[in-house]
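Presented below is the structure to which this report refers.
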Amino acid sequence: MSTPLTQGDVSAEIADERAAYAKRLADGGAARDHPDRAYAPYRSSVLRHPKRPLVAAGAAAGDPEAVELSGPVFGVTDVTALDHDLTRQHRAEPLGERIKVTGRVLDRAGRPVRGQLVEIWQANASGRYAHQRDDHPAPLDPNFTGVGRTLTGEDGSYEFVTIKPGAYPWRNHVNAWRPAHIHFSLFGPAFTQRLVTQMYFPGDPLFAYDPILQSVTDDSARQRLIAAYDHDLSTPEWSLGYRWDIVLDGPAATWIEEGR
Amino acid sequence: MSAEAPAPGPTPSQTVGPFFGYALPFPKGGDLAPAGHPDTITVHGWVYDGAGQPVPDALIEVWQPAPDGSRHGAPGSLRRDPVTGAVLGRDGPAFTGFGRIATDADGHYAIRTLPPGGVPYLSLIVFARGLLHHLHTRVYLGDAEGDPLLGSLAPERRATLVATPEGGRVHRFDVRLQYDGVHEETVFLAFD
Ligand SMILES: [Fe+2]
């Protein structure tokens, strides 16, 4: 048996990865918006990332007709009126700090992504998921499932009402804790723009210790995963407001069908 | 909200994690074909890691043209009951072109769909705990003569994208996230 992996070990690896990225930038390498799939401080990645380079496909590889440049569509039948309000899906209200999370979904040219599906899932205020395999001994909340869906508006906007999730432990290393976060799933007009990510809350003391957030080694890119507290979005005597805009990467469809 | 403001950089990807199972999959997520449609094909297989072990917590998404070649899709993959909020599933006639399947405890997935029109492939995305950024790949079915992607690959790499016919309109397609010492790693794609 090897000795248990400590936070100190993982923090040292995180620092090494960050130094390697800084050196690459200094040597003229391109800034990287996304995590490297091979990021050893996150131990689950070790056997689950390809080692071969990705193969170029689509327009840049001479195939402007690639199917991935189009994508699935969703509509009013795919969501119900209560789906965006995670505090109203049960008989009574969940425990925790009621929050509103809102923002816009844009493509990488800054254009709003209209009428597309946004899905979220999260732990409850105690840091427990309503998932059978989450065995963290924190209480489940009978009034909170932690799943939401909505469609973006004409300006690309979305809005959820929920409660602030708690931090939770995991087994990457001894005393590993995830900073509070909400999982987000997003679609653009093209399948190439698909994004699954996590939104974090400003000022969380766990940021520096978390290999998943730190897998984004570029400082400005990592900041883009952290929502802003926006006092103007807070509702008096009701809820706190956070703003988080999302920019989808990947080439957009080369054609836009009428009415989409 | 000025239109002239430079677009901020893209939002980075983060792993789907281990707990998406009660949020993203939906009933009949892999059944794109209307029930009982005579042209239905089945594409199924296992997702494996670099130790050759099946991955029981991967999520596969599929996107494809309709049999007539149209690529505009249709809403209703997650069609809901507005009274109870329950997922009703696709209504049948509309071909949404989209599916989503969580691998089971054995790392297995299955898609029942109609043949894509105009192209010889289905587009797949693979998400999993441990994958910080999802992966694109394709399932090629039958004759793909002249396909620009397949044509660019060495034979052993090309073979990872071509489904194996199992008879009775069933096709086997395994996804290997990493070379395991025996089996070639699946070709994954970058679109820029
Ligand atoms: Fe999580």
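The sequence lines fix the lettering, A, B, ..., with proteins before strands; numbering per chain opens at 1.
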Can you say whether A:Ala130 sits under 4.5 Å from chain B via the side chain, the backbone, both, or neither, judging by heavy atoms?
-> both
Could you look at B:Arg138 and say if it's the side chain, the backbone, both or neither that has a heavy atom under 4.5 Å from chain A?
-> side chain
Part of A:Ala221 lying under 4.5 Å from any heavy atom of chain B = both
Check whether A:Asp245 gets within reach of chain B through its side chain, its backbone, both or neither, counting any heavy atom under 4.5 Å.
-> backbone
Does the distance from a Lys or Arg side-chain N to an Asp or Glu carboxylate O, for B:Arg100 and A:Glu119, drop under 4.0 Å?
-> yes
Which portion of A:Ala38 sits near chain B, non-hydrogen atoms under 4.5 angstrom = neither
Measuring from B:Leu132:CG to A:Tyr42:OH, what's the distance to the nearest 0.5 Å?
-> 6.0 Å
Rounding to 0.5 Å, atoms OG1 (A:Thr80) and CZ (B:Arg79) come to a distance of 13.5 Å
Check whether B:Val175 gets within reach of chain A through its side chain, its backbone, both or neither, counting any heavy atom under 4.5 Å.
-> neither
Which portion of B:Leu153 sits near chain A, non-hydrogen atoms under 4.5 angstrom | side chain
Chain A: which of B:Val187, B:Leu135, B:Leu149, B:Thr96 shares the most heavy-atom pairs with it under 4.5 Å?
-> B:Leu135
Please look at B:Asp81 and chain A and tell me whether the side chain, the backbone, both or neither of the residue comes under 4.5 angstrom of a heavy atom of that chain.
-> backbone
The interface call for B:Tyr121 against chain A, heavy-atom contacts under 4.5 Å, is side chain
Engaged part of A:Val76 at the chain B interface, taking heavy atoms whose separation is under 4.5 Å | neither
Any donor-acceptor pair under 3.5 Å from B:Glu185 side chain to A:Arg52 backbone | yes
Cut-off 4.5 Å, heavy atoms of chain B, and the answer for A:Gln223 is neither
Reported CD-to-CZ distance for the pair B:Gln53 and A:Arg48, which is rounded to 0.5 angstrom = 10.5 Å
Using atom types as modelled and distance alone, determine if a side-chain donor or acceptor of B:Trp63 lies under 3.5 Å from a backbone N or O of A:Ser70.
-> yes
Pairing of A:Asp78 and B:Arg90 as salt bridge, 4.0 angstrom limit = no
When rounded to the nearest 0.5 Å, the distance separating OG1 of A:Thr77 from CG of B:Asp91 is 7.5 Å
Scored by heavy-atom pairs under 4.5 Å with chain A, the best of B:Gly118, B:Ala23, B:Gly50, B:Ala190 is B:Ala190
Tell me, side chain or backbone of B:Glu61 under 4.5 Å from chain A's heavy atoms, or both, or neither?
-> both
Using non-hydrogen atoms and a 4.5 Å limit, figure out which bit of B:Val16 sits close to chain A: side chain, backbone, both or neither.
-> both
Answer with side chain, backbone, both or neither: which region of B:His136 has an atom nearer than 4.5 Å to a non-hydrogen atom of chain A?
-> side chain
Region of A:Leu117 that comes under 4.5 Å of a non-hydrogen atom in chain B = side chain
B:Tyr179 versus chain A, the contacting section by heavy-atom distance below 4.5 Å | neither
Are the side chain of A:Arg37 and the backbone N or O of B:His133 linked by a donor-acceptor pair below 3.5 Å?
-> yes
Side chain / backbone / both / neither for B:Val47 at chain A, heavy atoms under 4.5 Å | neither
Counting heavy-atom pairs under 4.5 Å to chain A, which of B:Pro116, B:Gly97, B:Pro82, B:Ser77 comes out on top?
-> B:Ser77
Check: A:Trp244/B:Thr11 side-chain N/O donor and acceptor closer than 3.5 Å | no
Keeping the roles fixed (side chain from B:Gln14, backbone from A:Val196), state whether a donor-acceptor pair exists under 3.5 Å.
-> no
Of the backbone (N, CA, C, O) and the side chain (C-beta and beyond), which part of B:Pro18 lies under 4.5 Å from a heavy atom of chain A, both, or neither?
-> backbone
To the nearest 0.5 Å, tell me how far A:Thr145 OG1 sits from B:Tyr22 OH.
-> 7.5 Å
Does any N or O in the side chain of A:Arg224 come within less than 3.5 Å of the main-chain N or O of B:Pro12, such that one atom is a donor and the other an acceptor?
-> no
Kindly indicate whether the side chain of A:Ser185, heavy atoms from C-beta on, has any atom under 4.5 Å from the side chain of B:Leu24.
-> yes
When rounded to the nearest 0.5 angstrom, what distance separates CG in A:Leu54 from OG1 in B:Thr137?
-> 10.0 Å
Under 30°, 30 to 60°, or over 60°: which ring-plane class applies to A:Phe191 and B:Phe98, parallel, tilted or perpendicular?
-> perpendicular
State whether the side chain of B:Gln178 and the backbone N or O of A:His49 hold a donor-acceptor pair below 3.5 Å, judged by distance alone.
-> yes
